[in-house]
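Quantities reported herein were computed from a predicted structural model and do not represent experimental measurements.
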Amino acid sequence: MFYCYTCYVPVETVPTSEIPVVKLPVKVDIIKHPNETDGKSTAVHAKLLAPEDVTIYTYPCIPDYDEMKHEIALVFPGPSSVSVSDIPLSLLNKPEKKTGCKEVSDLPAEPVLKHAKVEPAGNRDFGDLSSHSAIQNTGLKKIIFIDSTWNQTNKIITDERLQALLQIELKSRKTCFWRHQKGKPDTYLSTIEAIYYFLVDYHRELLKDRYEGQYDNLLFFYSFMYKLIKNARSSAGKE
């Protein structure tokens, strides 16, 4: 085991200096189904690698998003879902917050193992993405993902606290997840894949910026485990 599945920190034997830290352009909330097996979930990868921008909630203990629904979107396919490029206009149609209230290029056939990067002083600084003017213009401040098997998502997606939120549907991509859900198409992504692909699309389509691998390190643990499991299966003659 490389990290704690419940406190979201690396175990003592893991050299933390070798684990990259990723800065995200928007805050990410992950709503985890209570029956989701901790050891099978990739949601913790996001929290480990982007600790300042990612929060994990276990359903039904989730925030009330109603007062910020004009600044938040939920990634989930459905008849009313819009594409990433349609987020700004769609959020404009959401009612404003009441006064006085409280307040991705596609993955290759095999994920590439990423290492922590040390940016030269002259390189562009992505450490203060929240102040980027383009980010302010998108209107989006937080994106929500559901961490659950597809058969269990109905309990969460039908929760009245999520009904007023804008829903986003990602472009179709094939998963590389080693625990692919039996009987489901290979376009059903793992949580960390969905987060990664959303951020890549957001960067290209809304920030209108060239994607140069800014969020690739979100796949740090994912790609490491992918290769570990693939090698183990190969050694056992299962591939």
Side-chain angles (χ1 to χ4, degrees), residues 20-30 42-43 45-47 49-50 52-54 70-78 80-94 104-117 119-120 122-147 165-177 185-223 226:
V21 175
V22 185
K23 182 64 180 174
L24 307 184
V26 294
K27 297 298 183 181
V28 172
D29 278 5
I30 300 173
T42 60
H45 297 181
K47 180 62 178 177
L49 297 165
E52 294 183 359
D53 298 316
V54 176
H70 63 295
E71 302 173 337
I72 300 176
L74 168 67
V75 173
F76 197 83
S80 61
S81 297
V82 303
S83 66
V84 172
S85 61
D86 290 330
I87 289 177
L89 184 59
S90 299
L91 286 177
L92 283 175
N93 294 327
K94 294 290 180 182
V104 202
S105 62
D106 291 350
L107 282 173
E110 297 184 7
V112 180
L113 181 60
K114 296 291 179 179
H115 302 281
K117 299 177 182 178
E119 296 289 348
N123 282 12
R124 180 176 179 180
D125 180 17
F126 287 90
D128 189 22
L129 281 169
S130 61
S131 64
H132 195 296
S133 60
I135 293 175
Q136 302 301 323
N137 293 336
T138 68
L140 184 68
K141 292 186 178 179
K142 180 175 290 185
I143 187 74
I144 302 171
F145 294 85
I146 295 176
D147 184 47
L165 298 182
L166 176 68
Q167 288 185 207
I168 309 300
E169 185 164 1
L170 300 179
K171 294 177 180 177
S172 181
R173 272 108 168 197
K174 291 185 178 181
T175 183
C176 289
F177 195 35
D186 58 6
T187 52
Y188 280 32
L189 305 176
S190 65
T191 301
I192 194 64
E193 287 176 311
I195 294 172
Y196 170 74
Y197 281 135
F198 169 81
L199 291 170
V200 171
D201 289 346
Y202 180 87
H203 195 89
R204 288 173 169 165
E205 297 181 25
L206 295 187
L207 300 187
K208 303 297 183 182
D209 201 2
R210 176 185 298 178
Y211 184 70
E212 297 178 337
Q214 288 88 341
Y215 317 119
D216 284 7
N217 276 333
L218 283 176
L219 301 175
F220 179 80
F221 288 108
Y222 182 88
S223 56
Y226 175 93

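Between the side chain of Ser85 and the backbone N or O of Glu205, no donor-acceptor pair lies under 3.5 Å. The backbone N or O of Leu207 lies less than 3.5 Å from no partner atom in the side chain of Thr138, so there is not a single donor-acceptor pair. A distance-only check finds no donor-acceptor pair linking the side chain of Asp201 to the backbone of Val84 [under 3.5 Å].
Between the OH atom in Tyr196 and the NE2 atom in His45 there is a gap of 15.5 Å [rounded to 0.5 Å]. Summarising the geometry, atom NE2 belonging to His70 is positioned 13.0 Å from atom CG belonging to Leu166; distances are rounded to the nearest 0.5 Å. Here the CZ atom belonging to Phe198 is positioned 13.5 Å from the CG atom belonging to Leu189, to the nearest 0.5 angstrom. One distance of note links CG of Asp147 with CD1 of Ile30; it measures 6.5 Å at 0.5 Å rounding. Rounded to the nearest 0.5 Å, atoms CG (Leu170) and CZ (Phe145) are 6.5 Å apart.
The minimum heavy-atom distance between Glu71 and Leu91, with the atom names listed, is N-CD2, 4.4 Å. The nearest pair of heavy atoms linking Ala73 to Leu140 is N-CD1, 3.7 Å. Nearest heavy-atom pair across Pro77 and Ser81 is C-OG, 3.4 Å.
The shortest distance between side-chain heavy atoms of Val82 and Ile168 falls below 4.5 Å. The side-chain heavy atoms of Leu49 and Asn217, taken from C-beta on, include no pair separated by under 4.5 Å.
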| said: Go through it in stages, so that I can follow the logic: the residues are Ile143 and Ile195, the test is side-chain contact (heavy atoms from CB on, under 4.5 Å), and I'd like the CA-CA distance, side-chain angles, deciding distance and then a yes or no. | reply: CA-CA 9 Å; Ile143 187 74; Ile195 294 172; over 6 Å; no

| request: Check the pair Leu199 / Tyr211 against side-chain contact (heavy atoms from CB on, under 4.5 Å), numbers first and verdict last. | output: CA-CA 10 Å; Leu199 291 170; Tyr211 184 70; over 6 Å; no

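Aromatic ring pairs are classed by plane angle as parallel below 30°, tilted from 30° to 60° and perpendicular above 60°; the pair Tyr215 and His203 is perpendicular.
Scanning for side chain to side chain contact (heavy atoms under 4.5 Å, CB included) contacts around Lys142 gives Lys27, Asp29, Tyr65, Ile72, with sequence neighbours left out.
Val28 pairs with exactly one of Ile144, Val54, Val75, Leu218 by the side chain to side chain contact (heavy atoms under 4.5 Å, CB included) rule, that one being Val54.
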